[in-house]
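The next block holds one structure in the form of structure tokens; read it before the comments.
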Protein chains: 2
Amino acid sequence: MIASMTPVVSGITLAEIAALMGDVARANILSSLMDGRALTASELAWHSGVSAQTTSGHLAKLSEANLIAMTKQGRHRYYRLVSPEVAQAIEAMMALASFGPKRHRPVGPKDEALRKARTCYDHLAGRLGIAIADALTSQDHLVLSESAGVLTSSGQRFLCDFGIDLEPENSKRAVCKTCLDWSERRPHLAGRLGASLCTRMFDLAWVERIKDSRALSITKAGRSGLRETFGIEID
Amino acid sequence: MIASMTPVVSGITLAEIAALMGDVARANILSSLMDGRALTASELAWHSGVSAQTTSGHLAKLSEANLIAMTKQGRHRYYRLVSPEVAQAIEAMMALASFGPKRHRPVGPKDEALRKARTCYDHLAGRLGIAIADALTSQDHLVLSESAGVLTSSGQRFLCDFGIDLEPENSKRAVCKTCLDWSERRPHLAGRLGASLCTRMFDLAWVERIKDSRALSITKAGRSGLRETFGIEID
DNA sequence: GGAATGTTTCGGCCGTGGCCGAAGTGTTAT
DNA sequence: ATAACACTTCGGCCACGGCCGAAACATTCC
């Protein structure tokens with residue numbers, strides 16, 4: 001058995017990235033950025049659970065590895081996830097984490113809010129996200145094959161009526177990606193479509209953020225709008 | 001600014017999983033299992049680059065977290081990834097890793113072989129995997145929307161002719177998922193479809209494993225078969 | 001200007017966790 | 001039976017990396 005020479009090259013950098021996410025403070029930072037918003041260093045320090053100095057160090061490492069990006073604004077520095085791909089990788093890890101060994105994690109009321117409706121980077125997730133994806137597919141507006149989707153022409157009209165225009169944007173970003181829902185364990189809508197739906201619901205004030213959380217609350221207007229437009233009811 | 005009480009709960013277990021992948025030895029272990037085969041503890045020790053005792057410890061941790069599974073066979077113990085989801089999460093991390101800061105990683109000839117054709121858990125990846133996905137879509141056998149796909153009826157016939165039967169299997173596994181190709185940075189075919197294509201190509205001896213690697217070499221028969229059946233040519 | 005706030009850098013402490021040698025368990029071979 | 005092999009457990013060493021206090025740097029406010 002030959003024993004010299006390093007065997008796998010690609011494993012090394014995999015380990016570097018994973019190790020970066022593998023620290024509790026850094027994982028908290030990344031989790032709190034999962035809703036796509038940009039947060040200041042001190043807000044992140046609060047979320048991470050360690051001091052500002054320590055957080056600063058973590059942020060430097062995450063930036064160095066190109067997982068997060070920073071914009072200066074006055075005396076604040078805003079950090080955000082660098083791309084949807086990063087969010088997707090994190091969500092994929094969370095999906096693995098929630099299974100794990102059989103020991104049940106205690107679930108609090110805060111957790112329940114997250115399961116009901118939340119943002120995942122820039123789109124909707126939780127029961128709300130799933131319900132919307134289901135509604136679009138069952139009305140033949142979308143063909144959704146377990147892990148991705150294609151808009152039908154009726155779907156394009158439907159979205160247009162709903163106030164979403166997917167055409168103009170010249171971005172390279174895909175129209176319809178899917179993302180495995182961490183709590184429901186089924187795919188919800190991501191990509192430009194997912195992001196537009198999310199934005200539109202905020203614009204219509206159908207949903208609003210719950211303070212200091214990725215969780216969303218569905219407003220009275222949202223409840224009736226969702227029923228009338230999508231025919232769905234979130235418990 | 002309130003400073004007590006632990007903020008994010010979900011981050012904790014995320015960190016645990018990530019930390020597990022964040023050790024070089026363990027990352028090497030996982031990488032070497034990425035082709036879907038089951039390897040013995042000593043083979044994994046060799047791949048991981050550390051002693052057998054240490055490897056044993058790592059394997060215990062990975063098992064505990066339900067990332068890998070073990071089957072006893074005589075005096076050997078075979079370890080394998082526990083599910084395609086695990087493989088997908090790892091591949092997602094690799095995709096992030098390959099970007100990173102601008103410093104180019106030196107690419108050897110071994111790397112080139114991986115880029116050309118390799119297995120990703122139980123399906124094909126690299127230029128070969130991408131070419132097949134492209135061929136199927138451009139011949140209207142598949143609607144592939146950037147991150148997932150649906151087989152058309154002509155696609156079903158095509159696959160049937162090619163010797164693949166997707167019906168009988170009663171597994172819950174999705175027919176057509178996609179997986180972001182680490183080297184090509186575009187989606188290739190996974191799911192039952194991806195797995196069947198891969199198996200069939202091995203059966204036809206169109207591809208064969210390159211020793212001690214996830215890389216595949218394309219045989220003479222494979223070269224002509226791919227040209228005639230799929231109309232593709234891998235450089 | 002000086003004070004207040006936001007953020008990073010430096011230095012040193014300390015614990016977690018990876019590592020190996022040695023020894024123990026289980027299986028196959030002769 | 002004895003030996004060889006495959007793998008795991010135990011014990012102790014050691015270093016990497018996370019943590020904070022103190023201090024420096026940056027920006028805004030008055």
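Note that the structure is predicted; figures quoted are calculated from it, not measured. Per chain, numbering begins at 1; letters A, B, ... match sequence-line order. In what follows, every heavy atom counts, from backbone to side chain, and hydrogens, waters and symmetry copies are set aside.
To the nearest 0.5 Å, the span separating CZ on A:R37 from OG1 on A:T119 amounts to 7.0 Å. Note: B:L30 CG to A:L14 CG = 7.5 Å, rounded to the nearest 0.5 Å.
Counting to the nearest Å, the C1' atom of D:dA26 and the OH atom of A:Y78 are 16 Å from each other. What separates CD of B:Q73 from C1' of C:dG26 is a distance of 16 Å, to the nearest Å. If you take CZ of A:R77 and C1' of C:dT5, they are 14 Å apart, rounded to a whole angstrom. As rounded to whole Å, 9 Å separates atom C1' of D:dA22 from atom CD of A:Q53. Between B:E64 atom CD and D:dT9 atom P the separation is 12 Å, expressed in whole Å. Taking atom CD of residue B:E16 and atom C1' of nucleotide C:dT16, one finds them 14 Å apart after rounding to whole Å. In this structure, the CG atom of A:L39 is 15 Å from the P atom of C:dG6, given to the nearest Å. One atom, CG of A:L20, and another, P of D:dC16, lie 18 Å apart when rounded to the nearest Å.
Between the side chains of B:S51 and B:T54, at least one donor-acceptor pair of N or O atoms lies under 3.5 Å.
Listed pair A:Y79 / C:dG6 fails the phosphate criterion, with no side-chain N or O lying under 4.0 Å from OP1 or OP2. Residue A:K72 places at least one side-chain N or O under 4.0 Å from the OP1 or OP2 atom of D:dT27. The shortest distance between the side-chain N/O atoms of A:S51 and the OP1/OP2 oxygens of D:dC19 is not below 4.0 Å. Side-chain nitrogen and oxygen atoms of A:K61 include at least one within less than 4.0 Å of the OP1 or OP2 phosphate oxygen of D:dG18. Contact annotation: A:R26 reaches the phosphate of D:dG18 (side-chain N/O to OP1 or OP2, under 4.0 Å). Taking side-chain N and O atoms only, A:T54 has no distance below 4.0 Å to OP1 or OP2 of D:dG18. Residue A:H58 places no side-chain N or O under 4.0 Å from the OP1 or OP2 atom of D:dG17. Phosphate proximity of D:dC25 to A:R75: absent, as no side-chain N or O sits under 4.0 Å from OP1 or OP2.
Between B:R118 and B:E91 there is a salt bridge, with a side-chain nitrogen of the basic residue lying less than 4.0 Å from a carboxylate oxygen of the acidic one. Taking the charged nitrogens against the carboxylate oxygens, B:K61 and B:E16 have no contact shorter than 4.0 Å, which rules out a salt bridge.
Residue A:A41 has its side chain nearest to C:dT8 when only C:dT8, D:dA6, C:dC19 are considered.
In this structure, A:A52 reaches the bases: a heavy-atom distance under 4.0 Å links it to at least one base atom across the strands shown. Within the nucleic acid shown, A:T40 comes within 4.0 Å of sugar-phosphate atoms alone, with no base atom in reach, counting heavy atoms only.
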